[in-house]
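To keep things clear, I will list the structure first and then write my remarks on it.
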Number of protein chains: 2
Amino acid sequence: MKVKKCFYICCSNQHINMKLTESKERFINAWGTLGTSWGINRTMAQVHALLLVSPDALSAEEIMEELNISRGNANMNVRTLIDWGLVFKEIKSGERKEFFVAEKDIWKVFKQIAKERRKRELEPIFKVLEEVKNVEGDKHDKNVKEFVNTIENIERFTKKADRTLETMIKADENWLIGSFMKMMK
Amino acid sequence: MKVKKCFYICCSNQHINMKLTESKERFINAWGTLGTSWGINRTMAQVHALLLVSPDALSAEEIMEELNISRGNANMNVRTLIDWGLVFKEIKSGERKEFFVAEKDIWKVFKQIAKERRKRELEPIFKVLEEVKNVEGDKHDKNVKEFVNTIENIERFTKKADRTLETMIKADENWLIGSFMKMMK
DNA sequence: TTTAACTTTCAAAAGTTTCTGAAAGTTTAT
DNA sequence: ATAAACTTTCAGAAACTTTTGAAAGTTAAA
C-alpha cells in the first residue's frame with residue numbers, strides 16, 4: 001500500500017520553506033472545495049491550484065506526488081484542464097516527459113471559464129426557453145399566462161446577463177475594470 | 001408500489017392544455033439540469049422551477065405528485081429553498097395545509113442566490129487567501145515569490161468581482177440594468 | 001526493428017450525494 | 001384529553017461521481 005508522503009522528510013529533503021508547503025496545501029484545498037460547490041471536480045480544481053502557484057511547469061509525476069493521486073486521475077484532470085484552455089503542455093528540450101503550466105493571468109482564467117460554461121450550460125437552456133415559450137393553447141388560461149410570463153421574464157433576464165458576459169469576455173481587461181470601477185463609484 | 005400518474009387521465013380530468021404540461025416538464029427538467037452543473041441539487045432546482053411557473057401556491061402533496069418525489073425529499077428541498085429566501089410559506093384560511101409560492105421576480109431571485117453563495121463560498125476563500133499570503137520565508141525564493149504573487153492576483157481579482165457583486169445585490173434593479181445597458185452600448 | 005520511457009484508457013472499487021418511507025413529532029379541532 | 005391532519009426527521013437504499021491501477025497504446029532513441 002502506498003503511504004502518504006511524510007511532511008517533515010519532504011521538507012528537509014527538498015529544502016522547501018516549511019511554511020510555504022503548508023500554505024500551498026491550504027490554498028490547494030480551499031480552491032478544491034470552492035470548485036466542488038461550483039460543479040467542478042475537486043481534483044481538477046486542485047491540479048489547477050497547484051499549477052497556478054508553481055513557478056515552473058510540472059510533470060504528471062510531480063502532480064501525482066504533490067496531490068497524492070493516481071496516474072489515471074492526474075492524466076484525466078490535466079486533460080480536462082487543457083480542454084478548458086486553462087493549462088498548457090510544455091516540452092523541455094532533452095526531456096521525454098511532458099510538463100504542464102497553468103494560465104496565470106486570472107482575468108484570462110475567468111474569461112476562459114465563463115466562455116466554456118456559457119457554451120456548455122447557458123446555451124442549452126436558451127434553446128429550451130425559446131422552444132417552450134411557444135406553448136400552444138388558450139392564452140387566457142391562467143396557467144398558460146403564468147407559464148409564458150415566467151418563461152419570458154427568465155429569458156429576458158438571462159439574455160441580458162448573457163450579453164453582459166459576452167461583452168466582458170470580448171473586452172480588454174483595463175477598459176472593463178476601468179468602466180466598472182467608475183460606474184461603481 | 002406507487003405508479004407514475006397517467007398523463008392522459010391527468011389532462012382530461014383537470015382540463016389542462018396538454019402541450020402546457022409537456023412544456024412545464026421540459027422547463028422543470030432543464031432548470032434541474034442547470035442547477036446540477038452549478039452545484040445546486042437537481043430536485044431543489046426542480047421544485048423551484050415548478051413553483052415559478054405555478055400561478056397559485058402549491059401544497060407539499062402537489063409538489064410530490066408533480067415531480068414524483070417522496071414526502072421527505074419534497075419537505076427537505078422546500079425547506080432549503082425557504083432558507084435561501086427563494087420560496088415562501090403561504091397559509092390559506094380554512095385550510096390546514098401549508099402552501100408554497102416562489103419569488104417570481106427573477107432579479108430578486110438572482111440577488112438572493114448571489115447573496116447566499118457569496119456568504120457560503122466566497123467569504124471562506126477570502127479568509128484563506130488572507131491567511132495564506134502572509135507566508136513566512138525568503139521573499140527572494142522563486143517559489144515564495146510565485147506563490148505570493150499568484151495569491152495576491154487572485155485576491156485582487158476576486159475582491160473586485162466581489163465588490164461589483166455587492167453593489168449589484170444592494171442596487172435597485174432599474175438603476176442597475178439601466179447603467180449596465182448604457183455602458184454596454 | 002526492439003526496447004524503454006512515457007501517456008492514455010477503462011472496468012471495477014471506493015466515495016459521495018440524494019432519495020425514500022416509515023416513524024416520530026407537532027398542531028389544531030372537537 | 002383525544003384524534004385527526006399535517007410536517008419533520010433519519011437510517012438505510014439507490015443513484016451517481018470519482019478514483020484507482022493494471023493493461024494497452026504511443027513515441028523516440030538505440
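This one's a predicted model, so the numbers in the text were calculated from it and none came from an experiment. Here is how names work: the chains are called A, B, and so on, in the same order as the sequence lines, proteins then strands, and each is numbered from 1.
Atoms CD (B:E62) and P (D:dT7) sit 11 Å apart, rounded to a whole Å. At whole-Å resolution of the value, CD1 in A:I69 and C1' in D:dT17 are 16 Å apart. Rounded to a whole Å, the CD1 atom of B:I91 is 16 Å from the C1' atom of D:dA5. When the P atom of C:dC6 is taken as reference, atom CD of A:E61 falls 7 Å away, rounded to whole Å. Rounded to an integer number of Å, the gap from B:M76 CE to C:dT17 P is 12 Å. B:E95 places its CD atom 12 Å from the C1' atom of D:dC6, with the value rounded to the nearest Å. If you measure from atom CG of B:N77 to atom P of C:dT17, you get 15 Å, rounded to the nearest angstrom. Following rounding to the nearest Å, B:K89 (NZ) and D:dT7 (P) show an atom-to-atom distance of 8 Å.
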Self-check item: Check against side chain to side chain contact (heavy atoms under 4.5 Å, CB included), A:K115 and A:K119
Solution: CA-CA 6 Å; A:K115 211 163 126 189; A:K119 193 172 72 211; over 6 Å; no

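Residue whose closest nucleotide on DNA chain D sits further toward the 5' end, between B:N73 and B:T36: B:N73. For A:E98 and B:A74, each mapped to the nucleotide of DNA chain C holding its nearest heavy atom, the one lying further toward the 5' end belongs to A:E98. Heavy-atom distances to DNA chain C give each of A:R42 and A:G72 a nearest nucleotide, and the one nearer the 5′ end belongs to A:G72.
Residue contacts for A:R79: at a heavy-atom cut-off of 4.0 Å it reaches the sugar-phosphate backbone alone, with no base atom in range. Within 4.0 Å (heavy atoms only), B:N41 reaches sugar-phosphate atoms of the nucleic acid but no base atom.
Salt bridge status for B:K133 with B:E152: absent, with no side-chain N to carboxylate O gap under 4.0 Å. With respect to A:R117 and A:E121, a salt bridge is recorded, a charged nitrogen being found less than 4.0 Å from a carboxylate O.
How far CZ of A:F27 is from CD of A:Q46: 11.0 Å, rounded to the nearest 0.5 Å.
Looking at A:R96, its side chain comes within 3.5 Å of the base of D:dT27 through a donor and an acceptor atom.
Contact check, B:T43 against C:dC19: a side-chain N or O comes under 4.0 Å of OP1 or OP2. The shortest distance between the side-chain N/O atoms of A:N75 and the OP1/OP2 oxygens of C:dT7 is not below 4.0 Å.
Set against C:dT7, D:dT8, D:dT20, the side chain of A:R71 has C:dT7 as its closest nucleotide.
Tested against B:N77 for a side-chain hydrogen bond (donor to acceptor under 3.5 Å, both in side chains), the candidates B:N75, B:T80, B:N73 yield a single pass: B:N73.
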